[in-house]
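The shown structure was predicted, so the numbers you read here are calculated from the model rather than taken from an experiment. Chain letters run A, B, ... following the sequence lines, proteins first and then strands; every chain starts at 1. Computation of the quantities below employed the complete heavy-atom set of this structure, encompassing side-chain atoms and omitting hydrogens, waters and symmetry-equivalent molecules.
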Amino acid sequence: MSATATAREGRKVQEVESVTIRFAGDSGDGMQLAGTQFTNVSAILGNDIATFPDFPAEIRAPAGTLAGVSGFQVHFASTDIHTPGDRLNCLIVMNPAALKTNLKDLEDGGILIVNSDSFGPNDLQKAKYAVNPLDDNSLKGYRVIRVPIDKLNREAVKECNLSPRDADRCKNFFALGLVYWMFERPMEATLKWIRDKFAKKIDVLEANTRALKAGYNYGETVEMMPVQYRVAKAKIAPGTYRKLTGNEALAMGLVAASQLAETPMVYAGYPITPASDILHQLADMKNFGVKTLQAEDEIAGIGAAIGAAYGGAIGVTATSGPGICLKSEAIGLAVMTELPLVVIDVQRGGPSTGLPTKTEQADLLQAMFGRNGECPVAIVAPRSPADCFDMAFEAVRIATEFMVPTFLLSDGYIANGAEPWAIPDVKKLPRIKIVHPTLPNSTDGKHHENGNGEVGKFLPYKRNAMLVRPWAVPGTPGLEHRIGGIEKQDITGNVNYEPANHEHMVRTRAQKVANVAQTIPDLQVEGDADGDLLVIGWGGTFGSITTAVERARRKGMKIGQVHFRYLNPFPKNTGEVFKKFKKFLVPELNSGQLLLLLRAKYLIDAKGLNKVQGRPFLVSEIEEAIEKMTS
Amino acid sequence: MSATATAREGRKVQEVESVTIRFAGDSGDGMQLAGTQFTNVSAILGNDIATFPDFPAEIRAPAGTLAGVSGFQVHFASTDIHTPGDRLNCLIVMNPAALKTNLKDLEDGGILIVNSDSFGPNDLQKAKYAVNPLDDNSLKGYRVIRVPIDKLNREAVKECNLSPRDADRCKNFFALGLVYWMFERPMEATLKWIRDKFAKKIDVLEANTRALKAGYNYGETVEMMPVQYRVAKAKIAPGTYRKLTGNEALAMGLVAASQLAETPMVYAGYPITPASDILHQLADMKNFGVKTLQAEDEIAGIGAAIGAAYGGAIGVTATSGPGICLKSEAIGLAVMTELPLVVIDVQRGGPSTGLPTKTEQADLLQAMFGRNGECPVAIVAPRSPADCFDMAFEAVRIATEFMVPTFLLSDGYIANGAEPWAIPDVKKLPRIKIVHPTLPNSTDGKHHENGNGEVGKFLPYKRNAMLVRPWAVPGTPGLEHRIGGIEKQDITGNVNYEPANHEHMVRTRAQKVANVAQTIPDLQVEGDADGDLLVIGWGGTFGSITTAVERARRKGMKIGQVHFRYLNPFPKNTGEVFKKFKKFLVPELNSGQLLLLLRAKYLIDAKGLNKVQGRPFLVSEIEEAIEKMTS
Amino acid sequence: MAATALPTLKPQDFASDQEVRWCPGCGDYSILAQMKKALSTLNVPREKMVFVSGIGCSSRFPYYMNTYGFHTIHGRAPTFATGLRMARPDLQVWVVTGDGDGLSIGGNHLIHALRRNVDIKVLLFNNEIYGLTKGQYSPTSRLGTKSKSSPQGSIDSPVRPLSVALAAEATFVARTVDVDPNHLTATLQRAAAHKGSAFIEIYQNCKIFNDGVFDYVTDKSSKADNSLYLEHGKPMIFGKDRNKGIRLNGLTPETVVVGKDCGLDDVVVHDEKAENATMAYLLSRMMVPQFPEVFGVLRQVSHPTYEELQQRQIDEVTAKKGKGDLDKLFRNDDLWVVE
Amino acid sequence: MAATALPTLKPQDFASDQEVRWCPGCGDYSILAQMKKALSTLNVPREKMVFVSGIGCSSRFPYYMNTYGFHTIHGRAPTFATGLRMARPDLQVWVVTGDGDGLSIGGNHLIHALRRNVDIKVLLFNNEIYGLTKGQYSPTSRLGTKSKSSPQGSIDSPVRPLSVALAAEATFVARTVDVDPNHLTATLQRAAAHKGSAFIEIYQNCKIFNDGVFDYVTDKSSKADNSLYLEHGKPMIFGKDRNKGIRLNGLTPETVVVGKDCGLDDVVVHDEKAENATMAYLLSRMMVPQFPEVFGVLRQVSHPTYEELQQRQIDEVTAKKGKGDLDKLFRNDDLWVVE
Ligand SMILES: Cc1ncc(C[n+]2csc(CCOP(=O)(O)OP(=O)(O)O)c2C)c(N)n1
Ligand SMILES: Cc1ncc(C[n+]2csc(CCOP(=O)(O)OP(=O)(O)O)c2C)c(N)n1
Ligand code: SF4
Ligand code: SF4
Ligand SMILES: [Mg+2]
Ligand SMILES: [Mg+2]
């Protein structure tokens with residue numbers, strides 16, 4: 001944080017462009033809450049923000065252990081930013097375990113606030129420290145601020161007649177207050193939040209209020225505290241904003257699509273990290289007519305979603321990689337019966353159970369090819385938390401407009417990460433047009449099979465110009481028809497085993513998906529429209545790649561960037577764009593999956609930058625790769 | 001069948017190099033049996049043979065309908081052949097439906113034997129014939145031989161006091177006898193078969209015997225019959241031969257591997273066309289110690305196979321595409337726990353339920369990528385029915401030598417098709433070496449965790465030079481350890497969420513599979529070792545491609561052929577081989593799956609010849625594609 | 001969508017234009033015929049009816065009905081039917097499944113659909129064999145069944161479909177048999193009339209791979225003595241001479257000869273409405289030769305359906321929060337304005 | 001493989017070197033402790049024991065046992081255990097599962113493993129919630145359970161694990177509770193002694209997401225009146241003053257006060273060996289408040305195991321055909337010789 005010092009009532013205040021801080025402590029210490037509050041307040045202040053929560057796979061690993069450490073990182077700035085930040089300017093640790101697991105991310109000379117009350121022999125041993133790091137000089141490279149948070153906090157809340165245990169629960173607010181002071185954040189928003197949240201628990205309300213203020217005042221009064229920092233408002237497009245995580249955005253995008261398609265939504269899924277929140281969110285939107293089913297497993301989830309789609313609803317299911325395995329057979333059925341369906345995969349570290357709470361992008365090829373036979377689906381991938389809203393909407397649009405299962409590939413990073421979202425004007429949101437036919441679509445003179453005398457017959461696989469079949473729903477008199485997973489004759493939809501028809505249908509299903517490209521935006525090149533290097537990404541890596549490319553270009557390199565939000569089909573102009581560049585770098589959080597598709601389709605000798613660590617890219621990692629390729 | 005006429009006791013006999021005939025009739029007419037008998041007899045005669053059975057998806061569609069037609073094609077020759085033949089020289093049809101569905105495959109001027117008794121109005125109507133094709137001149141392009149088979153057959157068996165229904169059941173033997181005469185086949189082998197088969201049903205035995213002889217004599221005596229044909233012995237490598245279908249070969253190969261690895265086999269699967277026979281075969285080999293489980297579904301099947309492998313047995317499961325979908329999650333677990341496992345996919349027409357009884361090669365990318373996360377497996381694919389024996393053996397060898405799930409991709413065509421198999425000398429078969437450790441593999445001085453005093457500790461993920469972990473099995477004192485689907489720390493195998501370890505493990509699992517290439521044969525180039533065009537294939541298309549390439553080379557083209565029996569990893573020399581050719585043609589019974597892998601990996605501008613009709617390639621189709629690319 | 005005129009519906013109006021492709025002599029033909037008869041009596045417009053099936057010979061059923069139909073994937077039919085009912089509670093949804101489809105691969109979905117009391121009518125065609133895959137034993141095959149996959153006889157003891165349905169809290173549980181047209185039709189009508197999950201096991205003869213497994217309850221000779229036809233409120237009487245009955249000795253049922261071993265009032269009177277399903281469970285366990293096997297409705301109780309409860313919650317929430325408003329939804333968190 | 005010396009085994013010998021990562025206060029800790037105690041009494045060498053689990057908090061169990069262990073995938077543990085037993089009938093195989101793992105996604109495998117009577121001991125930790133995924137309701141959650149996924153309360157009526165196990169023909173069915181160490185240990189020992197599938201439902205408290213659901217059978221105050229501890233051959237007596245009993249009125253159980261409503265001999269005597277599982281089924285349905293909930297062994301009968309029957313067939317076939325000979329196998333068809 002490059003700083004310019006000013007003076008205020010005798011105390012140093014530094015102007016800085018951007019700051020990255022992380023709250024780290026035991027899962028029980030409420031770090032996620034502290035981080036969220038800090039984020040909200042910063043956003044309200046007008047900073048641009050990006051966050052990265054990081055929690056353990058265990059619900060509550062034993063208190064104080066390394067496995068139990070939970071962290072929440074906030075990047076806030078006066079410029080527009082795309083990532084939660086690589087290195088920390090400031091780290092707050094509530095116990096030794098948190099220090100041990102997080103220190104490596106703190107910049108040299110960075111500010112380290114430690115709760116010095118939690119470094120007893122027992123705490124140290126749980127964190128596997130032989131000697132107390134506060135005493136062995138190992139921290140001399142940082143600006144260490146020891147604060148006896150336990151003691152000060154108990155002191156602050158002692159009159160609130162809480163049990164010692166409950167009293168200690170306020171610790172996080174004390175720490176938060178301290179940090180608020182340090183970065184000049186007003187307390188109002190959080191105080192209000194406390195009032196609403198604990199309205200019924202008056203003691204707790206009072207205690208948390210006091211803890212927060214005590215922390216703030218401690219900063220104000222204690223001399224040992226270093227300078228304050230000021231991060232000015234960012235120049236952000238005017239509008240009303242809120243904070244949104246990827247999973248929240250998905251749920252809202254789906255509901256919005258359902259409303260704007262004037263078609264009810266049925267969501268059926270089975271809980272799995274990190275996708276469960278989508279079910280939780282939607283289960284609480286019943287007044288939008290959303291119906292949710294917590295199915296007995298992933299297969300039942302997608303089965304119900306397809307059954308609902310067959311009935312004329314928007315059928316949606318969500319899961320993570322292991323669940324996609326189980327859904328793959330049913331996806332094949334939806335491809336064969338050409339029903340609209342949205343399948344959301346919030347990717348996590350794999351293979352197998354893998355790293356359930358960590359992020360990864362390694363399910364792309366599974367989405368493309370993970371079914372028997374030639375079984376094409378449409379695939380979209382949001383590039384940021386807020387983009388989940390738009391792409392959820394797009395997924396519903398494509399699925400219903402093309403009668404094709406559509407994958408939405410999110411990941412643990414954007415699912416839990418948050419960013420500001422400019423609240424759209426509902427009136428300006430696009431509509432989705434859905435038609436269920438009510439009359440036979442052929443006039444071959446034959447009397448209708450139901451013998452009720454209409455001329456013509458309903459042909460469930462008679463297609464429009466885009467090769468899309470009609471979405472006729474049960475309950476429509478005269479359109480009775482049967483569908484299923486056996487190969488069908490085109491037009492009539494009857495079971496058919498003829499060789500020529502099968503090949504025709506295989507090609508037709510593929511062409512129909514290819515036709516989706518007619519309805520999606522061209523690939524946008526950011527940076528240089530032609531040049532030495534094109535950096536190609538997809539999904540949640542957008543922020544890191546964008547920042548890296550911006551920095552590289554500031555250094556004068558001639559670099560372009562494209563980010564695929566549509567992965568199948570690719571935008572029409574993709575080949576054209578590639579022609580304008582010599583080299584291609586494809587950073588992915590996998591072993592090179594988009595890379596494989598691009599090399600196979602466009603025969604470009606693209607190189608991959610592949611990180612498979614369950615964590616997002618650091619901007620620096622991409623910068624280095626760019627340097628290597630351009631030097 | 002280019003012929004040279006000779007004369008024998010006043011009747012014309014023509015020498016021909018090869019003949020393709022097909023028996024076609026109602027599912028109830030016993031065509032599969034007739035075809036099989038003809039094949040056996042021809043093989044015993046010393047012809048080279050290839051067969052192609054083709055039956056309907058329904059068990060028994062209504063008699064006489066188009067859906068109920070069942071066919072069996074036999075190609076027999078005095079030269080060595082690789083396919084069941086493109087066009088038919090001779091077609092035997094038992095009813096109008098069979099005529100309608102099969103005539104298109106009969107060569108101009110080909111011999112058409114029709115059961116003229118089955119062309120009544122009713123039969124014609126069932127086959128959707130407006131007028132009788134025997135009367136409307138539509139068959140004038142063929143050498144039609146009308147035989148009142150029903151009548152003649154009833155006549156022949158009338159003294160065997162069978163019910164009319166049972167009497168008619170002998171029809172196929174009458175037809176068979178006729179064809180035996182025509183192609184100079186001796187009846188002995190079939191007569192013996194009848195004796196064994198119906199030993200307990202003396203009337204049926206007698207009736208079938210008479211029917212066969214009556215058919216034969218009818219040919220002998222009736223003037224209307226055209227010439228006889230003679231197909232000389234083929235020049236086949238000396239040895240003792242039998243006929244083998246792909247599924248039989250798989251079962252035998254697995255049992256042989258189990259015996260030669262001195263390790264019991266547990267097969268667990270769920271019935272599905274066209275893989276069910278593997279279960280049926282193995283269930284009848286209990287005296288080899290084979291244990292089979294008909295599981296409640298595909299997931300249970302693979303679960304049990306993996307559980308057995310964990311216990312130290314050779315775990316095998318088999319299914320078809322839809323079943324692979326269901327097994328994919330468990331395959332991921334086997335990859336993570338690095339247990340040996342053989343997964344057989346007998347591919348059929350897809351997507352979804354698709355064309356269950358038809359063949360296709362469209363599951364290759366599913367085998368490669370159909371799981372969450374980076375989840376590499378080894379993949380082999382037999383190229384012919386008999387090759388299933390060798391590749392089943394290889395699959396077991398790779399799985400156990402590398403502790404990795406190994407896919408074997410067969411298909412409906414080689415699974416049901418048959419070819420001669422030179423019975424190997426058991427003593428000469430390779431052994432498979434399997435070691436289960438009994439002692440700790442580290443000597444870090446620490447006492448063993450079980451406190452029984454051995455020095456050292458057992459490290460389940462400590463690897464050998466090939467990166468393979470030890471296969472320690474429960475029941476071994478001192479080696480107690482835990483495995484599972486969460487990412488593990490290398491060497492110790494403990495649950496581990498660390499970023500660096502995860503990336504290390506992802507790369508290690510990939511490298512281990514890559515190391516399999518050290519143990520497989522180089523890619524063999526047939527035909528020209530360098531030249532204009534390389535034709536690249538895999539799996540069951542071997543026969544058609546080979547024949548097509550041979551023909552093209554006879555025409556003087558400079559063409560090479562490679563056929564991948566190992567698909568992941570590719571043989572070491574693959575890149576080298578490709579460097580020697582200008583153009584690449586990849587014929588596949590899918591939309592270009594191997595094609596995609598080759599283009600992505602080797603950046604060669606290979607072209608696909610893609611047929612997705614549920615049927616194998618005709619040699620002529622590949623010939624044409626070769627011509628196009630070379631002209 | 002105006003309903004098609006009802007009075008005109010005849011059984012043959014339910015025949016689709018697809019030719020039926022079961023083996024000659026298959027029990028499925030009879031079930032198809034009785035189904036058409038039953039539906040023609042329901043006064044439900046044909047377009048409101050949907051047949052959902054899995055995979056198997058039995059599961060080809062929907063293709064032959066001129067209603068809406070969905071031939072899905074193996075074992076999962078109840079899940080599709082559940083989603084369909086959630087989206088469209090106005091439809092009458094029938095699920096056709098087999099002993100393999102419904103109890104082997106699909107057992108779990110069956111149980112969960114039943115416990116939720118989704119309003120679907122599940123017909124399990126039990127032929128104690130896998131027909132479509134050409135004759136492997138199934139979860140209902142008797143111990144020792146020799147089949148392609150069990151050459152020495154099956155060693156997995158079978159499940160009883162009715163016991164499973166009861167354990168899954170099913171609100172309607174019945175059994176009938178392919179060759180008894182009237183009873184079959186009547187049972188289908190009962191299921192159609194039931195609100196909630198209905199489960200019917202139908203003994204069905206597989207002519208090709210398991211011919212005659214049910215002869216003991218279908219042959220004239222043995223039928224009467226081997227089958228007990230349940231009627232609500234009537235004593236459990238059976239036998240050629242209608243003189244045999246079922247008596248309870250504590251919790252153990254026993255076959256008695258009325259007039260000889262005991263009087264008519266010692267014979268158990270069938271109560272399909274009993275909330276306590278113990279007797280139904282007990283009936284589901286009775287097997288020839290020790291006992292007759294029961295046909296008819298074992299249990300029929302009224303509980304709210306899943307769809308009703310779901311709609312109720314939607315109405316409650318809407319009443320409380322008001323009809324969904326996107327703009328409100330978007331703003332249901334801390335907001336800040338940037339000028 | 002010589003067995004490790006047996007006498008030396010103490011409960012702590014079963015502790016692995018992995019730190020236990022359940023929430024403080026989780027009921028799983030007690031189960032883990034009693035398991036170690038139970039195993040130390042079995043005289044089975046530790047290396048012969050294998051713990052197989054699915055996914056869930058409960059399914060982390062194997063990591064904490066210094067035996068062989070396999071943490072598999074969600075809901076499928078019984079399938080892995082079945083294959084393991086097929087390959088290795090010499091091993092003692094325990095399956096640890098949860099109410100979601102074992103009855104939601106895994107219900108079908110559980111049923112089929114039980115009906116086959118594979119010799120595995122299945123422990124279902126029932127906390128009526130999905131713990132690991134942070135608190136969604138499960139198939140055993142009571143109607144109306146409010147959870148993250150059921151904000152207005154669950155509307156799917158729950159299944160009863162014991163009823164399902166009985167419907168699946170299980171040969172050993174029992175229930176116990178995490179906070180009753182002695183009963184828990186004893187029940188585990190009973191399961192270990194049983195030959196064939198053993199199913200134990202263990203009431204387990206999820207401190208974080210479902211704290212206290214079982215208080216009514218664990219709190220001193222209400223425990224005695226709400227729980228009936230079954231003992232083979234003993235009358236079903238319970239209550240603070242040991243004066244309440246279960247009497248049968250036809251097929252309907254009723255709670256009586258002995259001495260007041262009736263005499264001791266009117267109280268049902270528990271018979272876990274009864275082949276007819278009706279009483280066991282009935283006990284599996286009893287719920288507070290109408291009835292006490294039962295603990296102990298509901299059913300324990302001896303049937304041959306799947307593994308035994310399989311080995312028997314192998315022996316028979318081998319006796320008939322002789323030990324497998326590859327050359328014979330290769331030649332078991334028409335042969336022809338080419339010179
Ligand atoms: C995922 C999957 N696994 C296996 C199959 C093969 N298969 C089709 S039907 C069937 C069982 C049929 O038995 P049942 O349900 O009793 O129906 P039936 O044919 O006897 O009427 C099987 C195993 C399949 N189609 N899909
Ligand atoms: C295929 C798959 N689907 C979903 C999940 C997510 N998941 C893990 S555990 C679990 C349920 C846990 O509940 P339960 O079995 O009751 O175990 P508990 O945590 O309560 O002990 C779920 C849904 C998964 N790991 N794998
Ligand atoms: S195989 Fe059996 S069940 Fe299937 S159609 Fe034929 S007779 Fe019916
Ligand atoms: S979440 Fe519940 S079940 Fe899981 S460990 Fe914590 S307390 Fe135990
Ligand atoms: Mg069946
Ligand atoms: Mg649970």
Could you tell me which portion of [X] (side chain, backbone, both or neither) has an atom closer than 4.5 angstrom to a non-hydrogen atom of chain C?
X      : value
D:V118 : neither
D:R160 : both
D:A165 : neither
D:E316 : neither
D:L114 : neither
D:L248 : side chain
D:L110 : neither

C:K234, NZ atom: more than 12 neighbouring heavy atoms under 6.0 Å: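 At most 12 heavy atoms, drawn from other residues, nucleotides or ligands, come within 6.0 Å of this atom.
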
Proximity of residues 139-152 of chain D to chain C, residues having a non-hydrogen atom under 4.5 angstrom: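 D:P139, D:Q152, listed by number.
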
Reported CD-to-CD1 distance for the pair C:E307 and D:I155, which is rounded to 0.5 angstrom: 8.5 Å

Heavy-atom closest pair, residues D:L282 and C:T278: CD1-CG2, 3.6 Å

Least distance between heavy atoms, C:I111 atom then D:V159 atom: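 For C:I111 versus D:V159, the nearest heavy atoms are CG2-CG1, 4.3 Å.
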
Is it the case that the side chain of [X] and the backbone of [Y] share a donor-acceptor pair, with hydrogens and angles ignored and the cut-off at 3.5 Å?
X      : Y      : answer
C:R115 : D:S157 : yes
D:S163 : C:A167 : no
D:R116 : C:D156 : no
C:N108 : D:G106 : no

Heavy-atom proximity to chain D below 4.5 Å, by part of [X]:
X      : result
C:Y281 : side chain
C:L103 : backbone
C:A274 : neither

Contacts of D:E293 that satisfy salt bridge (charged side-chain N to carboxylate O under 4.0 Å, His left out) - sequence neighbours left out: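 Not a single residue meets the salt bridge (charged side-chain N to carboxylate O under 4.0 Å, His left out) criterion with D:E293.
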
Between D:M279, D:Q310, D:H112, D:H303, the one whose heavy-atom pairs under 4.5 Å with chain C are most numerous: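 Greatest number of close heavy-atom pairs with chain C: D:H112.
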
Test: C:R285 and D:E169 ion pair at under 4.0 Å: yes

